[in-house]
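In each ligand, atom 1 is the first atom listed, and ligand 1 is the first ligand listed. Along the sequence shown, residues are numbered consecutively beginning with 1. In this text, all values refer to a predicted model and were calculated from it rather than measured experimentally.
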Amino acid sequence: MANKYKILLIEDEINIVNFIKARLEANGYQTIYANGMRDGLMMLMSHCPDLVILDLGLPDADGMEVIRVVRKQSLLPIIVLSARGGEMDKVMALDEGANDYITKPFGTEELLARIRSVFRNQNLIQYGENRSEQYVLGGLQIDFASRQVFKEKKEVHHTHGVQHFSLTC
Ligand code: CA
């Protein structure tokens, strides 16, 4: 049961990574992962995932910071998956722009249902079915196949560091 969605998992606990990865892949999702904020943002830029599952307790940053950085640039769906179960943790993450919040321990069926729900809400199902190789927005032309971005016909390079994070997809 293949679908077209690529999910980036930003999580430092390898057991959880392996567990979620296996479940997502069994359900047809392509899965990539990063074990911290820095690698996560780099993978966002280079792999253009359709959704991020984000742990908050990362080794190099608080996951809340990932939400802030991404939301400055993009409406990319983010589901927080955290051991922090306090109401204020959830409120903060949702107010910063997380689409959903799941506490550990979690059930995989619930996680899968929330992923489907987020994709539905984002109309990404339709987007995925109609995805074309190129996308034009304002003066930007994005070529998904070659991962190139052009601004006024000149290529924009997006392989620089986190400080200059710019989400081009
Ligand atoms: Ca963690």
Side-chain angles (χ1 to χ4, degrees), residues 1-122 124-125 127-128 144 147 158-169:
M1 189 175 76
N3 62 50
K4 296 169 184 139
Y5 299 121
K6 191 191 294 180
I7 298 178
L8 170 62
L9 187 55
I10 306 180
E11 164 70 79
D12 62 314
E13 288 164 68
I14 196 68
N15 291 340
I16 293 180
V17 169
N18 289 337
F19 177 69
I20 294 179
K21 206 168 180 303
R23 294 295 294 143
L24 292 180
E25 285 171 3
N27 281 271
Y29 295 103
Q30 197 185 332
T31 312
I32 51 178
Y33 94 96
N35 65 4
M37 171 163 166
R38 187 183 170 283
D39 286 354
L41 294 179
M42 296 303 280
M43 289 190 82
L44 274 181
M45 285 186 283
S46 54
H47 293 270
C48 300
D50 300 295
L51 174 116
V52 175
I53 296 175
L54 174 69
D55 178 30
L56 293 183
L58 298 173
D60 59 344
D62 191 303
M64 292 292 299
E65 191 58 24
V66 177
I67 303 175
R68 289 185 198 109
V69 173
V70 171
R71 279 292 168 268
K72 281 183 190 158
Q73 308 269 345
S74 160
L75 291 173
L76 176 70
I78 300 171
I79 297 178
V80 170
L81 184 60
S82 176
R84 299 177 198 167
E87 185 179 11
M88 283 319 291
D89 293 309
K90 297 178 189 173
V91 168
M92 265 174 64
L94 293 168
D95 279 350
E96 289 289 352
N99 297 68
D100 206 344
Y101 194 111
I102 303 173
T103 50
K104 297 173 185 171
F106 60 97
T108 43
E109 288 308 316
E110 179 184 355
L111 175 63
L112 290 166
R114 288 178 186 266
I115 290 169
R116 290 193 297 270
S117 165
V118 165
F119 279 141
R120 256 197 323 271
N121 290 343
Q122 298 282 322
L124 279 177
I125 289 170
Y127 170 69
F144 289 112
R147 303 276 187 224
H158 53 96
T159 50
H160 35 53
V162 170
Q163 306 89 307
H164 304 108
F165 176 71
S166 170
L167 189 57
T168 51
C169 48

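- A salt bridge does not link Asp60 to Arg38: none of the charged nitrogens lies less than 4.0 Å from a carboxylate oxygen.
- Side-chain contact between Val70 and Leu41 is present, with heavy atoms from C-beta onward closer than 4.5 Å.
- Two residues are said to be in side-chain contact when any heavy atoms from C-beta on lie closer than 4.5 Å; Phe19 and Thr108 meet this criterion.
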Report, one line per pair, each donor and acceptor closer than 3.5 Å where one atom sits in a side chain of residues 79-89; sequence neighbours left out.
residue	atom	partner	partner atom	Å
Ser82	OG	Arg84	N	2.9
Arg84	NH1	Asp62	OD2	3.3
Arg84	NH2	Asp62	OD2	3.2

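- Inspection of the environment of the Ca ion (ligand 1) yields the following protein N, O or S atoms under 3.0 Å: Asp12 OD1, Asp55 OD2, Gly57 O.
- Between Asn99 atom CG and Leu51 atom CG the span is 7.5 Å, to the nearest 0.5 Å.
- Closest approach of Met37 to Glu65, counting heavy atoms only: CE-CG, 3.6 Å.
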